[in-house]
Amino acid sequence: MASNKPILVVAGVGNGSGTGAATALEFSKAGYRVALIARNADHLKTTADGIVASGGDAASFPVTQYDYPSIQAAFASVKSHWPASPIRAAVWNAGHGVWKPFLSLTEAEVKSSVDTNIVAAFAFARSSILAFQENDIDEKSGKRGVLIFTGATASLRGNKTTSAFAAGKFGLRALSQSLNKEFGSQNIHVAHAIIDGGILTDRSREFRGKSDPKWVENEDVRLSPESIAKSYLYLANQDRSAWTWELDLRPAHETW
Ligand SMILES: NC(=O)c1ccc[n+]([C@@H]2O[C@H](COP(=O)([O-])OP(=O)(O)OC[C@H]3O[C@@H](n4cnc5c(N)ncnc54)[C@H](OP(=O)(O)O)[C@@H]3O)[C@@H](O)[C@H]2O)c1
Ligand SMILES: *[C@@H]1O[C@H](CO)[C@@H](O)[C@H](O)[C@H]1NC(C)=O
Ligand SMILES: CC(=O)N[C@H]1CO[C@H](CO)[C@@H](O)[C@@H]1O
C-alpha cells in the first residue's frame, strides 16, 4: 500500500455512531487514512480501532475542547503522525447544540456555541487550507483538497429555541461560503451540507426513540449517518468543472 495515501481529517466524532464516524469509515473504504479529532479519547479510540479492524488506517487526536489552539495542535499532530501523506480532505462535523428559550440562555452557553460552531471551525479551516496548499492538483478531481462543513436546519432557519445554536450554524455557513469564493481559484473545494432533519445516532435513538420508536425504524423519516457520509465522499470526488458549494439533505418524508 502506498505510503502517500491521502488523509481525511474529521473533527467531531461523538460516540462513534454519528456522521463523523460514518464519514471516517466511508473515506477509509475509499482509500484514505483517517485522522479523528474529538473530545472523548475513549470513544475516539473505539472508533479508530473499528476502522483498523475493517482494514483501514486510522489514528485518534483527542482535544480537551473545541477551541482555536487545540484544533491547530491536533493538525500538527496529524502531520507528524503521517509525514509522507497529504491531507486531502477535511470534514468539520463538530456542533454545539443548545436548545433553550432565549431568556433562559446564559452567557456561557452563548460563548460555547460561538466557540465550538465558529471559532474552532475557523482554526480547522485555516489548518486544512494551509495543508491543501502544499498539495499538487489531483488529476482526476482537479483539486488540492476538499473542506466540508456539517450544517443543520438551523444554518438557514431560526426557531423558537435556537437563538444560540442558529447563530453558531449561520456563522459556520457564512465562513464556508466565503472560503468557497476565496479558495476556489486555488483548486480548493469548500462545501457546506445542510442536514435538514434528525440524524439517527446512539444519542437520538436514546432520546427520541423512547417517545417515538417508529422514528428509529422508519428510514423515510430520519437521516442515516452512512448516507450522509456517502454524500460527503461524492462531494470529495466531484471534479472541478462542476462542484457543489451547498448541499441539503433531508429524509423522504420530511415534514417542514
Ligand atoms: N443529530 C441530528 O439530528 C443533527 C441534525 C442536523 C444537523 N446535525 C449536525 O450534524 C453534525 C453531526 O452530528 P451527529 O448527530 O451525526 O453526531 P456525531 O457525528 O457523533 O457528532 C456530534 C458532534 O457534536 C459534538 N458535540 C455535541 N454536544 C456538544 C457540546 N455540548 N459541546 C461541544 N460539542 C458537542 C460532539 O463532540 P465530541 O465528538 O467531541 O463529543 C461531536 O463532535 C453536528 O454538526 C450537528 O450539529 C445533527
Ligand atoms: C420549530 O420549532 C417547533 C417547536 O417549537 C417545531 O415543532 C418545529 O418542527 C420546528 N421547525 C423546524 C423547521 O425545525
Ligand atoms: C448515548 C450513548 O452514549 N451511546 C453509546 C455510546 O457508545 C458506548 C460504547 O462505545 C455505548 O456504551 C453507549 O450506549
Side-chain angles (χ1 to χ4, degrees), residues 9-26 34 36-48 60-67 70-71 74 91-102 106 108-121 124 148-173 175-176 192-209 212 215-216 221-229 231-232 247-251 253-256:
V9 184
V10 51
V13 180
N15 197 38
S17 65
T19 306
T23 300
L25 185 59
E26 186 70 19
V34 295
L36 307 172
I37 299 175
R39 297 166 304 168
N40 186 311
D42 294 339
H43 284 163
L44 266 188
K45 191 178 176 309
T46 306
T47 305
S60 19
F61 303 89
V63 292
T64 49
Q65 57 188 335
Y66 293 109
D67 63 21
S70 305
I71 295 297
V91 174
W92 177 257
N93 181 65
H96 182 118
V98 191
W99 289 274
K100 275 191 168 183
F102 175 70
T106 63
E109 286 166 333
V110 175
K111 284 193 168 148
S112 188
S113 176
V114 170
D115 277 349
T116 300
N117 293 316
I118 305 180
V119 179
F124 188 83
I148 300 170
F149 296 91
T150 303
T153 307
S155 302
L156 288 177
R157 285 201 270 182
N159 201 351
K160 284 173 187 167
T161 57
T162 63
S163 57
F165 182 55
K169 287 291 192 188
F170 267 57
L172 184 68
R173 180 173 189 258
L175 168 66
S176 78
H192 180 247
I194 294 175
I195 313 301
D196 199 10
I199 305 170
L200 182 64
T201 65
D202 270 0
R203 203 190 315 198
S204 61
R205 193 189 292 275
E206 201 172 302
F207 289 108
R208 195 158 170 179
D212 188 5
W215 182 83
V216 171
V221 298
R222 43 74 178 170
L223 293 116
S224 295
E226 296 72 25
S227 306
I228 298 171
S231 294
Y232 285 5
L247 191 70
D248 67 40
L249 301 173
R250 60 173 58 85
H253 294 197
E254 175 257 331
T255 51
W256 54 61

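Numbering of ligands and ligand atoms starts at 1, following listing order. Atoms considered below: every heavy atom in the structure, side chains included; atoms not considered: hydrogens, waters and symmetry mates. The first residue of the sequence shown is numbered 1, and numbering continues consecutively from there.
Among Gly151, Gly95, Ala38, Gly14, the residue whose heavy atom sits closest to atom 25 (C) of ligand 1 is Gly95. Across Asp196, Thr150, Ile194, heavy-atom proximity to atom 10 (O) of ligand 1 is greatest for Thr150. Scanning His96, Arg222, Arg203 for the heavy atom closest to atom 27 (C) of ligand 1 points to Arg203. Of the candidates Asn93, Thr47, Asn40, it is Asn93 that places a heavy atom closest to atom 11 (C) of ligand 1.
Here the heavy atom of the protein found nearest to atom 2 (C) of ligand 1 is Ile199 N, 3.5 Å. At the shortest separation from atom 46 (C) of ligand 1 among protein heavy atoms lies Lys169 NZ, 4.0 Å. At the top of the distance list for atom 5 (C) of ligand 1, counting protein heavy atoms only, stands Gly197 O, 3.1 Å. Among protein heavy atoms, atom 15 (O) of ligand 1 sits closest to Thr201 CG2, 3.5 Å. Closest to atom 29 (C) of ligand 1, if we only count protein heavy atoms, is Arg39 NH2, 3.6 Å. Looking only at heavy atoms of the protein, atom 6 (C) of ligand 1 is closest to Ile195 O, 3.3 Å.
Backbone and side-chain nitrogen or oxygen atoms of Ala11 are examined, and none is located within less than 3.5 angstrom of a nitrogen or oxygen of ligand 1. At least one N/O-N/O distance between Tyr66 and ligand 1 falls below 3.5 Å. Checking only distances, Asn159 does come within under 3.5 Å of ligand 2, N or O to N or O. Considering backbone and side-chain N/O of Thr153, none are found under 3.5 Å from N/O of ligand 1.
The aromatic rings of Phe165 and Trp99 lie tilted to each other, with the angle between the two planes from 30° to 60°.
Gly198 counts as a contact of ligand 1, since one of its heavy atoms falls under 4.0 Å from the ligand.
Of the protein's heavy atoms, none falls inside 4.0 Å of atom 7 (O) of ligand 2. Inside a 4.0 Å radius of atom 4 (C) of ligand 2 there is not any protein heavy atom.
Side-chain contact check for Thr162 and Asn159: no donor-acceptor pair (N or O, by modelled atom type) lies under 3.5 Å.
Closest heavy-atom contact between Phe124 and Val91: CZ-O, 3.5 Å.
Atoms of ligand 2 lying under 4.0 Å from any heavy atom of Lys160, numbered from 1 in the order shown and given with element: 5 (O). Residue contact check: Ala152 has heavy atoms under 4.0 Å from atoms 6 (C), 7 (C) of ligand 1.
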